[in-house]
Amino acid sequence: MKRTEINITDTFKCQLDDLFQCFVNPDKMKAYFNGAAEVDPREAGKFSLLGGQISGTFLEIHPGDSIQLHWKFKDWPDDVMSSVNIKFKDTGSSTELTLHQSGVPQYSVEQIRSGWYRYYFNAIKMTFGYGSGSL
């Protein structure tokens, strides 16, 4: 099976730590996943999102800098797991997020890419107001 990579950069109108918390704080994750988030935010901690549609493991958590995950979509074969690296950068008036995901099955690239926006980025912006306005 052919695997590929996904690279996404997006900007959020919030402080860096506020955005970082959206990826490690169980209460924040439950807010933008409408309660469908089980999260153990520590290295080697597991997560399950959207009723098990997405699952994985926190590999490294560097507050204010980056998060590394093993990340799996439910429909993928049992032996397929992708690697995700999320980096955060304070740009002064906002926070830039850069996501690199490797090991994604070629057939699901567009579904996964659109899912990052729909279920994570746009949901975070809508839930916490990080899409517009000022700090």
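- Separation of atoms CE (M1) and OG (S108) is listed at 8.5 Å; rounding is to 0.5 Å.
- Here the NZ-CG distance, from K74 to L49, works out to 13.0 Å after rounding to the nearest 0.5 Å.
- One hydrophobic cluster, built from ILVMFWY side chains closer than 4.5 Å, cannot hold both M81 and I6; they sit in different ones.
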### Task
Apply salt bridge (charged side-chain N to carboxylate O under 4.0 Å, His left out) to the pair K28 and D18, showing each step before the final yes or no.
CA-CA 10 Å; K28 285 189 176 277; D18 292 332; 5.5 Å; no
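- For the pair I67 and V24, the minimum side-chain heavy-atom distance is below 4.5 Å.
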### Message
Using the rule given for side chain to side chain contact (heavy atoms under 4.5 Å, CB included), can you reason through Q101 versus E5, listing the C-alpha separation, both sets of side-chain angles and the distance that settles it, and then say yes or no?
### Response
CA-CA 5 Å; Q101 185 173 13; E5 300 179 351; over 6 Å; no
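- You'll find the ring centres of F33 and Y120 inside the 6.0 Å limit.
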### Message
Show, in sequence, the C-alpha distance, side-chain angles and deciding distance for F73 and Q111, and conclude whether the side chain to side chain contact (heavy atoms under 4.5 Å, CB included) test is met.
### Response
CA-CA 10 Å; F73 190 64; Q111 177 185 23; 3.4 Å; yes
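- For F47 and F58, the ring centers sit closer than 6.0 Å to each other.
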### Message
Could you go through S66 and E60, starting from their C-alpha distance and side-chain angles, then the distance that decides it, and tell me whether this counts as side chain to side chain contact (heavy atoms under 4.5 Å, CB included)?
### Response
CA-CA 8 Å; S66 63; E60 295 181 23; 6.0 Å; no
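- Side-chain contact between N85 and L69: absent, with no pair of heavy atoms (C-beta onward) separated by less than 4.5 Å.
- For the salt bridge (Lys or Arg N to Asp or Glu O under 4.0 Å) condition, no pair includes a residue of residues 88-103, sequence neighbours left out.
- Between F128 and A31 the shortest heavy-atom distance is CZ-CB, 4.0 Å.
- Here the OG-CG distance, from S94 to L16, works out to 10.0 Å after rounding to the nearest 0.5 Å.
- Residues R3 and Q106 are not in side-chain contact: their nearest non-hydrogen atoms beyond the backbone lie 4.5 Å or more apart.
- Within the 4.5 Å cutoff, side-chain heavy atoms of D10 are placed close to those of Y117.
- F121 places none of its side-chain heavy atoms less than 4.5 Å from the side chain of Y130.
- C22 is listed as a side-chain neighbour of Y32, based on a closest heavy-atom distance under 4.5 Å.
- Within the model, atoms CE of M126 and CZ of R118 stand 12.5 Å from one another, a figure rounded to the nearest 0.5 Å.
- Here CD1 of I86 is found 10.5 Å from OG1 of T98. Values are rounded to the nearest 0.5 Å.
- Counting non-hydrogen atoms of other residues, nucleotides and ligands closer than 6.0 Å to NZ of K72 gives a total above 12.
- Contact check for S82 versus V84: side-chain heavy atoms found under the 4.5 Å cut-off.
- The CZ atom of F20 sits 12.5 Å away from the SG atom of C14 when rounded to the nearest 0.5 Å.
- With contacts defined as side-chain heavy-atom distances shorter than 4.5 Å, the pair M29/F23 does not qualify.
- Residues L97 and L59 do not share a hydrophobic cluster, defined by chaining ILVMFWY side chains whose heavy atoms lie under 4.5 Å apart.
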### Task
Step by step, work out the side chain to side chain contact (heavy atoms under 4.5 Å, CB included) result for T11 and T95.
CA-CA 6 Å; T11 301; T95 299; over 6 Å; no
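- Y119 and V104 fall within a single hydrophobic cluster, where Ile, Leu, Val, Met, Phe, Trp and Tyr are joined by side-chain heavy atoms under 4.5 Å apart, directly or via other members.
- In terms of the side chain to side chain contact (heavy atoms under 4.5 Å, CB included) criterion, residue partners of D65 (sequence neighbours excluded) are, by chain and number, H62, K87.
- Hydrophobic clustering, with ILVMFWY side chains joined whenever heavy atoms are under 4.5 angstrom apart, groups L99 together with V39.
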